[in-house]
Amino acid sequence: MTTLYTIPFTCSQAALIVARELGLELTVDRVDRATKVTASGRNFLDVNPLGYVPVLELDDGTVLTEVAAVLTWLCDQRPGVMLPPPGTREAAVALSQLAFVSTEVHKTFSILFNSKAPEDFKAVAKEILGRRFAVLDQRLATQPFMLGESFSAVDAYLFVVVGWSRVLKIDLAEWPNLKAFTTRVLERPNVRAVIDSEKVRV
Ligand SMILES: N[C@@H](CCC(=O)N[C@@H](CS)C(=O)NCC(=O)O)C(=O)O
């Protein structure tokens with residue numbers, strides 16, 4: 001059985017959403033952020049020496065890190081449902097959007113959560129994030145989801161990272177289409193179920 005290592009309310013939530021939407025069965029092993037010991041008692045640093053989630057450990061022992069790779073692998077188990085079929089032009093667009101969410105949005109948020117980052121650096125990061133939000137807002141002005149009419153793995157990832165705005169008190173009013181997108185995704189029963197499951201202590 002494939003194991004997904006998670007920390008609640010971090011980017012690993014996107015993998016939980018995608019797995020649930022696709023009806024994939026996974027063993028979920030939660031990582032304690034402070035001790036890096038998992039709920040099953042493993043030293044998570046033996047799985048990923050960098051200590052971050054998500055990590056997918058496949059049944060043959062292959063270890064996959066990086067949200068974009070983890071989501072792509074999950075989607076490849078049900079090709080064409082939450083990402084376009086591999087090798088198509090649409091798949092290249094999807095990869096470009098996954099990479100954008102990862103490198104331009106997620107990693108800019110990471111600066112804002114870094115307690116060692118100086119305040120003036122955080123102010124610059126916030127400004128950059130605003131410019132990225134503007135591009136997303138424009139994209140979502142003409143279509144409900146990042147790749148068009150249907151909910152995809154890109155949306156799951158974007159939803160999770162943009163959700164961190166609430167914690168950081170970044171008001172999304174300036175980007176109404178992006179704000180409406182988060183409400184739209186939150187209405188999905190599978191998304192609600194994942195959020196509720198992450199609130200439960202294990
Ligand atoms: N480059 C990695 C970054 C993953 C990442 O930043 N994970 C964060 C949660 S969103 C994490 O596990 N941080 C370790 C910690 O909080 O201790 C990816 O794209 O998956």
Side-chain angles (χ1 to χ4, degrees), residues 1-88 90-91 94-95 97-99 101-102 106 144-164 181-182 184-202:
M1 173 81 93
T2 298
T3 301
L4 175 67
Y5 295 88
T6 66
I7 298 176
F9 296 97
T10 68
C11 54
S12 55
Q13 195 178 68
L16 289 172
I17 292 172
V18 168
R20 194 175 174 106
E21 289 273 350
L22 291 173
L24 300 176
E25 282 199 22
L26 297 172
T27 299
V28 176
D29 201 3
R30 266 196 206 169
V31 180
D32 182 286
R33 203 175 210 143
T35 62
K36 302 290 179 194
V37 175
T38 76
S40 75
R42 280 196 79 174
N43 176 2
F44 181 59
L45 296 176
D46 290 340
V47 184
N48 181 8
L50 290 169
Y52 61 65
V53 293
V55 173
L56 204 55
E57 196 174 30
L58 308 184
D59 43 16
D60 69 351
T62 302
V63 169
L64 272 183
T65 65
E66 312 310 311
V67 180
V70 166
L71 298 187
T72 301
W73 171 266
L74 293 175
C75 290
D76 283 350
Q77 308 314 301
R78 301 271 190 278
V81 180
M82 286 192 78
L83 281 180
T88 59
E90 289 76 16
L95 176 59
Q97 294 303 312
L98 271 180
V101 175
S102 173
H106 178 180
F145 296 112
M146 286 295 284
L147 301 183
E149 293 302 315
S150 57
F151 183 67
S152 74
V154 181
D155 300 305
Y157 193 6
L158 181 64
F159 167 78
V160 169
V161 297
V162 170
W164 299 335
F181 162 83
T182 61
R184 197 174 303 130
V185 176
L186 196 52
E187 280 163 3
R188 299 182 72 81
N190 284 325
V191 172
R192 280 241 163 251
V194 166
I195 292 172
D196 290 344
S197 74
E198 292 227 283
K199 287 179 186 158
V200 177
R201 282 178 185 275
V202 292

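Position 1 is the first residue of the sequence, and the numbers go up from there.
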Minimal heavy-atom distance between Leu98 and Ala68, with the atoms involved, is CD1-O, 4.1 Å
Please output the side-chain donor-acceptor pairs of residues 191-202 that fall under 3.5 Å, not counting sequence neighbours, one pair per line with the distance.
residue: Ser197; atom: OG; partner: Val194; partner atom: O; Å: 2.7
residue: Glu198; atom: OE1; partner: Phe9; partner atom: N; Å: 3.0
residue: Glu198; atom: OE1; partner: Gln13; partner atom: NE2; Å: 2.9

Measure the spacing between CD of Gln77 and CG of Leu22 and express it to the nearest 0.5 Å. 9.0 Å
Between the CE atom in Met82 and the CG atom in Asp76, the distance rounded to the nearest 0.5 Å is 13.0 Å
Would you say the side chain of Leu26 lies within less than 4.5 Å of the side chain of Leu74, judging by non-hydrogen atoms? yes
Side-chain donor-acceptor pairs of residues 150-161 under 3.5 Å, sequence neighbours excluded:
residue: Ser152; atom: OG; partner: Val154; partner atom: N; Å: 3.2
residue: Ser152; atom: OG; partner: Asp155; partner atom: OD2; Å: 3.1
residue: Asp155; atom: OD1; partner: Met146; partner atom: N; Å: 2.7
residue: Asp155; atom: OD2; partner: Ser152; partner atom: N; Å: 2.8
residue: Tyr157; atom: OH; partner: His106; partner atom: ND1; Å: 2.7

Could you tabulate the donor-acceptor pairs under 3.5 Å formed by side-chain atoms of residues 43-50, not counting sequence neighbours?
residue: Asn43; atom: OD1; partner: Leu45; partner atom: N; Å: 3.0
residue: Asn48; atom: OD1; partner: Leu50; partner atom: N; Å: 3.1
residue: Asn48; atom: ND2; partner: Tyr52; partner atom: O; Å: 2.8

Please report the interatomic distance CD(Glu25) to OG1(Thr2), rounded to the nearest 0.5 Å. 11.0 Å
Which heavy atom of Leu147 sits nearest to which heavy atom of Ala94, and what is that distance? CD1-CB, 3.7 Å
For Asp29 and Tyr5, indicate whether the former's side chain and the latter's backbone hold a donor-acceptor pair under 3.5 Å. no
Check whether any side-chain heavy atom of Val67 lies under 4.5 Å from a side-chain heavy atom of Pro54, and answer yes or no. yes
Applying the side-chain contact (heavy atoms from CB on, under 4.5 Å) criterion to Val31, which one of Thr38, Thr6, Thr10, Val55 satisfies it? Thr38
Kindly compute the distance separating CD (Glu57) from CG (Asp59), expressed to the nearest 0.5 Å. 10.0 Å
Quick one: do Val162 and Phe181 satisfy side chain to side chain contact (heavy atoms under 4.5 Å, CB included)? Show the steps, please. CA-CA 10 Å; Val162 170; Phe181 162 83; 5.8 Å; no
Exceeds 12 heavy-atom contacts within 6.0 angstrom, atom CH2 of Trp73: no
Between CD on residue Gln97 and CG on residue Leu95, distance to nearest 0.5 Å: 10.0 Å
